[in-house]
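In what follows, a structure is listed as structure tokens, so that the remarks can point back to it.
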Amino acid sequence: MDNIRLSSCDIQTMEKRQKVQLINSLPGFKSANLIGTTDKDGNENLAIVSSVIHLGSSPALLGFILRPDTVERHTYTNIQQTEQYTINAVSEEFYQRAHQTSARYPKEVSEFNETGLTPFYDNHFDAPFVLESPIKIGLRLVEIIPIRSNGTHMIIGEIERVILPKYALRKDGYINIESLDLMTLSGLDNYHVTQSVGRLSYAKPEKPIVPLDIDGNTFFIKE
């Protein structure tokens with residue numbers, strides 16, 4: 001195989017956009033999500049992110065990374081002010097509109113209006129969900145962790161709402177992502193659909209892994 005070897009010096013001397021694309025591509029496929037917020041006056045904001053991660057199930061915590069606040073970051077400011085926000089999965093149906101939210105609109109301009117996506121509010125939860133999203137998650141801010149090495153921030157929230165189609169939730173709690181046509185993202189701008197190759201049993205020492213069906217049941221295997 002004909003490989004390319006890049007040193008830290010090679011990477012640092014790349015043209016800025018090329019370097020950003022390279023480093024963003026290295027982690028592989030990432031989930032595509034829209035963060036919905038309002039400011040203290042109720043002005044709505046929507047921003048696409050690809051850094052949402054699971055941090056724990058008890059309490060139910062999710063985190064995501066926000067870029068340095070060297071320029072005005074409406075999502076960051078809104079979360080600080082209201083301490084509520086939503087995470088909305090991006091599906092194939094509206095991924096182009098979701099991508100458009102990465103444009104730098106002025107604070108007084110709503111990305112919902114500019115992209116034709118629909119704000120949805122649920123049971124006195126102040127932050128807007130995306131109506132078109134098949135998985136909607138409402139979170140309360142737990143903490144903001146500054147990352148000193150590059151000036152970014154990890155936003156950590158506890159899940160207070162989950163809205164998703166009943167058919168996608170399996171008996172063992174697994175969400176059938178394939179049935180929702182969710183998108184993944186590589187680099188900054190390449191969107192992908194996924195294909196499952198199967199679920200596997202819980203791994204234990206000295207016990208063979210076996211395939212599971214979509215509900216988490218062991219397939220019957222003929223010896």
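All values below come from the heavy atoms of this structure, side chains included, with hydrogens, waters and symmetry mates left out.
How far CG of Leu46 is from OH of Tyr105: 10.5 Å, rounded to the nearest 0.5 Å. In this structure, CG on Leu188 lies 4.0 Å from CG on Asn24, to the nearest 0.5 angstrom. Rounding to the nearest 0.5 Å places CG of Asp181 at 6.0 Å from CD of Glu92. Taking CD1 from Ile35 and OG from Ser51, the interatomic distance works out to 7.5 Å, rounded to the nearest 0.5 Å. A distance of 12.0 Å separates NZ of Lys204 from CD1 of Ile209, quoted to the nearest 0.5 Å. Within the model, atoms CD1 of Ile135 and OG1 of Thr86 stand 13.0 Å from one another, a figure rounded to the nearest 0.5 Å.
Listed here is the closest heavy atom pair of Val130 and Asn88: N-OD1, 2.9 Å. Annotation for Phe112 and Asn45: closest pair CE1-O, 4.0 Å, computed over non-hydrogen atoms. Here the closest heavy-atom approach between residue Phe94 and residue Ala89 is recorded as CZ-O, 3.5 Å. Taking both residues in full, the closest heavy atoms of Leu185 and Ala32 are given as CB-CB, 4.4 Å, listed atom of the first, atom of the second, then distance. A pairwise comparison of heavy atoms in Ser201 and Pro208 identifies OG-O, 4.2 Å as the closest pair. Nearest heavy atoms, Ile156 versus Leu141: O-CD1, 3.6 Å.
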Trace of the side chain to side chain contact (heavy atoms under 4.5 Å, CB included) decision for Glu111 with Gln100: CA-CA 8 Å; Glu111 286 82 1; Gln100 182 61 28; over 6 Å; no
Asn43/His74 under side chain to side chain contact (heavy atoms under 4.5 Å, CB included): CA gap, chis, key distance, verdict: CA-CA 10 Å; Asn43 297 308; His74 306 151; over 6 Å; no
Test log, rule side chain to side chain contact (heavy atoms under 4.5 Å, CB included), inputs Val210 and Thr218: CA-CA 7 Å; Val210 296; Thr218 303; 3.8 Å; yes
Trace of the side chain to side chain contact (heavy atoms under 4.5 Å, CB included) decision for Phe64 with Asn33: CA-CA 10 Å; Phe64 73 97; Asn33 293 280; over 6 Å; no
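Sequence neighbours left out, the pairs with a member in residues 150-192 that pass ring pair (Phe, Tyr, Trp, His ring centres under 6.0 Å) are Phe29-His192, Tyr76-His153, Tyr95-Tyr191, His99-Tyr191.
The cluster map of Ile, Leu, Val, Met, Phe, Trp and Tyr, joined by side-chain heavy atoms under 4.5 Å apart, puts Leu182 and Ile175 in the same cluster. Hydrophobic cluster membership is shared by Ile11 and Leu26, with clusters built from Ile, Leu, Val, Met, Phe, Trp and Tyr side chains linked at under 4.5 angstrom. Both Leu55 and Val142 are assigned to one and the same hydrophobic cluster, defined by single-linkage of ILVMFWY side chains at heavy-atom distances under 4.5 Å. Under the 4.5 Å side-chain contact rule for hydrophobic residues, Leu169 and Ile177 share a cluster. Residue Val193 is not grouped with residue Val197 when hydrophobic side chains (ILVMFWY) are merged at heavy-atom distances under 4.5 angstrom, including chains of intermediate members.
In summary, the side chains of Thr75 and Asn78 do not present any donor paired with an acceptor at a separation below 3.5 Å, with no hydrogens or angles considered.
Under the 3.5 Å distance criterion, the side-chain polar atoms of Glu132 are matched with a main-chain donor or acceptor of Thr118. Formation of a donor-acceptor pair under 3.5 Å by the Arg73 side chain with backbone atoms of Pro68 is found in this model. No donor-acceptor pair under 3.5 Å is formed between the side chain of Thr152 and the backbone N or O of Ile147. The backbone N or O of Lys40 lies less than 3.5 Å from a partner atom in the side chain of Gln81, making a donor-acceptor pair. In terms of modelled atom types and a separation under 3.5 Å, the side chain of Lys30 and the main chain of Gly187 share a donor-acceptor contact.
Among the candidates Asp215, Asp213, Asn176, the single residue satisfying the side chain to side chain donor-acceptor pair (under 3.5 Å) test with Arg170 is Asp215. Of the candidates Leu139, Asp39, Thr38, Ile155, Ile79 forms a side chain to side chain contact (heavy atoms under 4.5 Å, CB included) with just one, namely Ile155.
Residue Asn3 places its CG atom among more than 12 non-hydrogen atoms of other residues, nucleotides or ligands, all under 6.0 Å distant.
For the pair Arg161 and Asn123, the minimum side-chain heavy-atom distance is below 4.5 Å. Counting only heavy atoms from C-beta outward, the side chains of Tyr121 and Pro128 approach each other to under 4.5 Å.
Using a cutoff of 4.0 Å between basic side-chain nitrogens and carboxylate oxygens, Lys136 and Asp122 are not scored as salt-bridged.
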